[in-house]
Amino acid sequence: MADLKILGICGSLRKGSLNMLALRACNELMPQGMSMKLATIGDIALFNQDVFDLGLPEPAQRFRAEVTEADGVLIASPEYNFSLSAALKNAIDWGSRPPSQVFQDKPIAIFSASPGPMGGARVQYDLRRILGQLWGHVLPRPEVFIGSAASKFDAQGKLTDEATRKFLSDLLAGFKVWIERMKPK
Ligand SMILES: Cc1cc2nc3c(=O)[nH]c(=O)nc-3n(C[C@H](O)[C@H](O)[C@H](O)COP(=O)(O)O)c2cc1C
């Protein structure tokens, strides 16, 4: 059977992003039969319906095509002021406009990482609310919050915390089952 194609989206644009490090670690932790490529969202202009109506700028068009082509979307998101980063919300907004809004029936898994103790938990509930009303199917459990995240990677950016590796492995295994379950019969 062909690999399930996962699109990884990181809500942080920061070079040293902990969320991006964790997303990259997912490449090693994926069950067999899944592979991931990473989206770039930092070059997508701020959403403007006038611009959308004139014709999609290339970065927004690319992002929409990548989500559409993916069997599943894996989002690693920081919590900014108890919610999403502007960059992630902006990308979602570009994807969300008809025709063919790209999150319709899309299997999605989310996790968050933060240097704080709660691991950015609050952003996940906003993400679920936003993606759910777009008919994206967000994996309900397991929930993964990587708290005190800075201490969980070594100097080379490798995820060294065994408990976190297990949480992410379980999330990805559950995501694979979720994608299969969501496939049209
Ligand atoms: C604008 C802004 C708002 C933030 N708000 C929160 C917050 O509400 N909760 C939290 O846990 N961390 C918050 N932080 C700290 C981020 O969790 C921290 O910068 C984290 O490293 C961002 O993720 P990244 O490492 O993937 O870039 C905020 C950071 C910024 C820049």
Side-chain angles (χ1 to χ4, degrees), residues 2-31 33-48 51-52 55-80 83-114 120 123-124 126-139 144 146 149 153 157 159 168-169 171-172 174-176 178-179 182-183:
D3 264 9
L4 295 174
K5 296 191 301 292
I6 307 302
L7 182 69
I9 304 175
C10 179
S12 169
L13 306 183
R14 207 165 67 82
K15 194 150 35 84
S17 164
L18 297 163
N19 283 278
M20 184 56 102
L21 291 180
L23 198 54
R24 288 190 194 283
C26 289
N27 258 326
E28 294 168 29
L29 303 173
M30 294 228 157
M34 274 169 112
S35 61
M36 179 172 66
K37 79 171 197 177
L38 296 174
T40 299
I41 61 170
D43 59 349
I44 305 176
L46 285 181
F47 182 81
N48 179 333
V51 175
F52 187 101
L56 282 173
E58 194 281 328
Q61 198 166 359
R62 180 199 66 224
F63 177 74
R64 285 177 65 103
E66 286 175 337
V67 175
T68 301
E69 283 158 21
D71 296 301
V73 171
L74 176 64
I75 300 178
S77 180
E79 178 181 276
Y80 277 6
S83 189
L84 281 68
S85 66
L88 179 56
K89 181 61 164 56
N90 186 53
I92 293 173
D93 287 345
W94 277 103
S96 72
R97 302 307 293 159
S100 311
Q101 74 92 349
V102 300
F103 297 102
Q104 178 78 43
D105 294 327
K106 190 64 64 180
I108 301 168
I110 62 179
F111 69 88
S112 57
S114 166
V123 68
Q124 296 197 22
D126 280 1
L127 265 174
R128 287 183 186 281
R129 188 164 52 88
I130 292 162
L131 295 167
Q133 66 87 25
L134 291 170
W135 291 97
H137 301 310
V138 184
L139 177 70
V144 177
I146 309 176
F153 299 87
L159 178 61
L168 286 175
S169 300
L171 176 74
L172 294 165
F175 192 30
K176 187 175 182 198
W178 184 244
I179 293 171
M182 290 297 144
K183 277 198 174 148

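Computation of the quantities below employed the complete heavy-atom set of this structure, encompassing side-chain atoms and omitting hydrogens, waters and symmetry-equivalent molecules. Owing to the predicted nature of the structure, the values given are computational and were not obtained by experimental measurement.
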Taking all non-hydrogen atoms of both residues, which atom of [X] and which atom of [Y] are closest, and how far apart?
X      : Y      : result
Cys10  : Met20  : SG-N, 3.6 Å
Met182 : Pro107 : CB-CG, 4.0 Å
Leu13  : Ile41  : CD2-CG1, 3.9 Å
Ala149 : Ile146 : CB-O, 3.7 Å
Ser96  : Gln101 : O-CB, 3.2 Å
Ile179 : Gly72  : CD1-CA, 4.1 Å

Whether Trp94 and Phe47 hold their rings parallel, tilted or perpendicular, with breakpoints at 30° and 60°: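 Perpendicular.
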Contact check, side chains of Ser114 and Leu18, non-hydrogen atoms, under 4.5 Å: no
Short side-chain to backbone donor-acceptor contact, [X] and [Y], under 3.5 Å:
X      : Y      : result
Asn19  : Ala113 : yes
Lys106 : Ala70  : yes
Asp105 : His137 : no

Note: Asp126-Lys89 ion pair, threshold 4.0 Å (strictly below):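 No salt bridge links Asp126 with Lys89.
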From CD (Glu66) to CG (Leu38), nearest 0.5 Å: 9.5 Å
Derivation of the salt bridge (charged side-chain N to carboxylate O under 4.0 Å, His left out) call for Arg62 and Asp43: CA-CA 11 Å; Arg62 180 199 66 224; Asp43 59 349; 2.8 Å; yes
side-chain contact (heavy atoms from CB on, under 4.5 Å) partner of Phe63, the single match among Leu56, Thr40, Ile44: Ile44
Derivation of the side chain to side chain donor-acceptor pair (under 3.5 Å) call for Gln124 and Ser112: CA-CA 7 Å; Gln124 296 197 22; Ser112 57; 2.8 Å; yes
Arg128, CZ atom: more than 12 neighbouring heavy atoms under 6.0 Å: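 Yes, enclosed.
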